[in-house]
**Student:** 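This is the structure I have questions about; it appears just below.
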There are 2 protein chains.
Amino acid sequence: MDGIDYSLLKQMAVTIGEVAKITDIPIRKLRYWEDKGYIKSVDEQAHTTRRFDYYMIKKVVLMKELIEDGYTVEASSQKVEARMGKLRQVFDNLTRK
Amino acid sequence: MDGIDYSLLKQMAVTIGEVAKITDIPIRKLRYWEDKGYIKSVDEQAHTTRRFDYYMIKKVVLMKELIEDGYTVEASSQKVEARMGKLRQVFDNLTRK
DNA sequence: CTCCTTTTGTAACTAATCTCCAATTATTAT
DNA sequence: ATAATAATTGGAGATTAGTTACAAAAGGAG
């Protein structure tokens, strides 16, 4: 539609509190999901606190829907990953900073 | 290209520290710019700490270029606003939460 | 009931941000 | 050069947000 700056978008990483607010999923649960490996935060030495990018937030949103539909967390994670292949590639091909 | 979820993008608001890191502009200066009205953070009762959305980060990036080119902060702000009309409309028409 | 998944609670700590005071440096006009 | 305005910066003291690491409690399937 117009030109979203993907490079900028990739750099935008929000705190766990923001993700919780956006997705309406408790912080505690998000940390659990990360512990289990279903989601992951941006890895940077510079950060001592977690940050999540657009791709990961979107994943959480989609996972939530599937879970509400009856899927397990594990299954939801896998299904979402499969569906988000295109976006994932875009993000993978961008370097953050 | 693919479908960016604008509604989600709009909700993504990052801390001032993130903006500082992304734009390479000191936190202190960003706060000054906000005090002066050149930029503004998301207004939400829920937040006690500042958050900036995609539109505003992009504005900072563009302002920085113009300032380096010799424009005053004030002039840069105005020029950028003028140039970002399209994106601004998109953001204005989206409600956050 | 039992096993395993999933979620939640809390304490003690660290990191990040806040406001509010003011001072300093740059630029422009007279 | 001096005065006035623009632009930037410093720091103390307080507050908010996020961290880990322990553990406990629900929930579902066999």
Side-chain angles (χ1 to χ4, degrees), chain A residues 11-53 56-57 59-81 96-97, chain B residues 11-53 56-57 59-81 96-97:
Chain A
Q11 290 185 269
M12 286 183 66
V14 309
T15 62
I16 195 168
E18 274 291 305
V19 179
K21 195 152 67 70
I22 292 170
T23 63
D24 198 42
I25 290 181
I27 289 177
R28 195 67 187 70
K29 188 183 287 194
L30 291 170
R31 279 203 270 253
Y32 165 72
W33 284 5
E34 195 190 20
D35 284 347
K36 289 298 177 178
Y38 303 129
I39 59 177
K40 62 169 185 288
S41 50
V42 168
D43 50 339
E44 270 174 27
Q45 51 290 358
H47 277 136
T48 63
T49 60
R50 283 172 250 261
R51 297 295 147 99
F52 297 90
D53 63 20
M56 204 49 65
I57 300 172
K59 177 172 181 183
V60 170
V61 169
L62 296 178
M63 278 181 66
K64 186 187 181 185
E65 293 175 6
L66 293 185
I67 290 168
E68 283 170 354
D69 240 41
Y71 288 102
T72 64
V73 179
E74 168 71 26
S76 300
S77 172
Q78 287 178 2
K79 277 187 175 289
V80 170
E81 286 289 342
R96 176 171 152 84
K97 187 55 180 300
Chain B
Q11 290 183 268
M12 286 182 65
V14 310
T15 62
I16 196 169
E18 274 291 305
V19 179
K21 195 151 68 70
I22 293 170
T23 64
D24 198 41
I25 289 180
I27 290 177
R28 195 64 189 73
K29 188 183 286 195
L30 290 170
R31 278 202 271 254
Y32 165 72
W33 285 4
E34 194 190 19
D35 284 346
K36 291 296 179 180
Y38 303 130
I39 59 178
K40 64 170 184 290
S41 51
V42 168
D43 50 338
E44 269 173 29
Q45 51 292 355
H47 278 137
T48 62
T49 59
R50 293 180 226 321
R51 297 297 146 99
F52 297 90
D53 63 20
M56 203 51 62
I57 300 171
K59 177 172 181 184
V60 170
V61 169
L62 297 177
M63 279 181 64
K64 186 186 180 184
E65 293 176 7
L66 293 184
I67 289 168
E68 282 171 353
D69 240 41
Y71 287 102
T72 64
V73 179
E74 167 72 24
S76 300
S77 172
Q78 287 176 3
K79 277 186 175 290
V80 169
E81 285 289 342
R96 177 170 151 83
K97 186 56 181 294

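Bear in mind that the values here come from a model prediction, so they are computed numbers and not experimental data. Each chain gets a letter, A, B and so on, in the order the sequences are listed, and its residues count up from 1.
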**Student:** Can you check whether T72(B) has a side-chain N or O nearer than 4.0 Å to OP1 or OP2 of dA6(D)?
**Tutor:**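 Checking dA6(D) against T72(B), no side-chain N or O comes under 4.0 Å of OP1 or OP2.
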**Student:** Compare side-chain N and O positions of T48(A) against OP1 and OP2 of dA16(C) and report whether any pair is under 4.0 Å apart.
**Tutor:**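 Looking at the OP1 and OP2 atoms of dA16(C), one of them is under 4.0 Å from a side-chain N or O of T48(A).
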**Student:** In whole angstrom, give the distance that lies between atom CG of L30(A) and atom C1' of dT7(C).
**Tutor:**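 Result: 12 Å.
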**Student:** How many whole angstroms separate atom NZ of K21(B) from atom P of dA16(C)?
**Tutor:**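 The distance from NZ of K21(B) to P of dA16(C) comes to 11 Å, rounded to the nearest Å.
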**Student:** Closer than 3.5 angstrom, by distance alone: can the side chain of K40(B) be matched with the main-chain N or O of M56(B) as a donor-acceptor pair?
**Tutor:**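 Side chain of K40(B) to backbone of M56(B): no pair is present.
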**Student:** Please determine whether a side-chain nitrogen or oxygen atom of W33(B) lies at a distance below 4.0 Å from atom OP1 or OP2 of dA7(D).
**Tutor:**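 W33(B) to dA7(D) OP1/OP2: no side-chain N or O under 4.0 Å.
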**Student:** Answer with base, sugar-phosphate or nothing: what part of the nucleic acid does R31(A) contact at a heavy-atom distance below 4.0 Å?
**Tutor:**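 Result for R31(A) = base.
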**Student:** Rounded to the nearest Å, what distance is computed from the NZ atom of residue K29(A) to the P atom of nucleotide dG27(D)?
**Tutor:**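 Taking NZ of K29(A) and P of dG27(D), I get 12 Å after rounding.
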**Student:** If you define the side chain from C-beta out and look only at heavy atoms, does anything of I57(B) sit under 4.5 Å from M12(A)?
**Tutor:**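 In contact.
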**Student:** From OH of Y32(B) over to C1' of dT5(D), roughly how many Å is that when rounded to an integer?
**Tutor:**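 After rounding, the gap between these two atoms is 10 Å.
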**Student:** Expressed in angstrom and rounded to an integer, what is the separation of I67(A) atom CD1 from dG27(D) atom P?
**Tutor:**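 Spelled out: CD1 on I67(A) to P on dG27(D) is 16 Å.
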**Student:** Between P on dT19(D) and CG on D35(A), what's the gap in Å once rounded to a whole number?
**Tutor:**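 After rounding, the reported distance stands at 11 Å.
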**Student:** Which nucleotide wins on minimum distance to the side chain of I16(B), given the candidates dT17(C), dT8(D), dT6(C)?
**Tutor:**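 So the nucleotide nearest the side chain must be dT17(C).
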**Student:** Rounded to whole angstrom units, what separation is found between the CZ atom of F52(A) and the P atom of dA17(D)?
**Tutor:**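 Rounded to whole Å, this separation is 17 Å.
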**Student:** Between the base of dT7(C) and the side chain of R28(A), is one N or O donor paired with an acceptor at under 3.5 angstrom?
**Tutor:**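 Not at all, since no donor on one side and acceptor on the other fall under 3.5 Å apart.
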**Student:** Of the listed nucleotides (dA7(D), dT8(C), dT19(D)), which one gets closest to any side-chain atom of P26(A)?
**Tutor:**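 From the listed options, dT8(C) comes nearest.
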**Student:** Out of curiosity, Q78(B) CD to M63(B) CE, how far, rounded to the nearest 0.5 Å?
**Tutor:**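 Going from the CD atom of Q78(B) to the CE atom of M63(B) covers 10.0 Å.
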**Student:** Taking CD1 from I27(B) and P from dT19(C), how many angstroms apart are they, rounded to a whole number?
**Tutor:**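 Taking CD1 of I27(B) and P of dT19(C), I get 13 Å after rounding.
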**Student:** Here's a test of your reading of the structure: between E74(A) and G17(B), which maps to the more 5' nucleotide of DNA chain C?
**Tutor:**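 Per heavy-atom nearest nucleotide, the more 5' residue is E74(A).
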**Student:** Report the distance from atom OG1 of T72(A) to atom CG of L66(A), rounding to the nearest 0.5 Å.
**Tutor:**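 Going from OG1 on T72(A) over to CG on L66(A), the span is 10.0 Å.
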**Student:** Do other residues, nucleotides or ligands put more than 12 heavy atoms under 6.0 Å from the NZ atom of K64(B)?
**Tutor:**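 For K64(B), atom NZ is crowded (more than 12 foreign heavy atoms under 6.0 Å).
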**Student:** Looking at dG18(D), does its base get a donor-acceptor pair with the side chain of R50(A) below 3.5 Å?
**Tutor:**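 When only heavy-atom distances are counted, R50(A) does not reach the base of dG18(D) through any donor-acceptor pair under 3.5 Å.
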**Student:** Taking OP1 and OP2 of dG18(D), is either one under 4.0 Å from a side-chain nitrogen or oxygen of T15(A)?
**Tutor:**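 Indeed, a polar side-chain atom of T15(A) lies that close.
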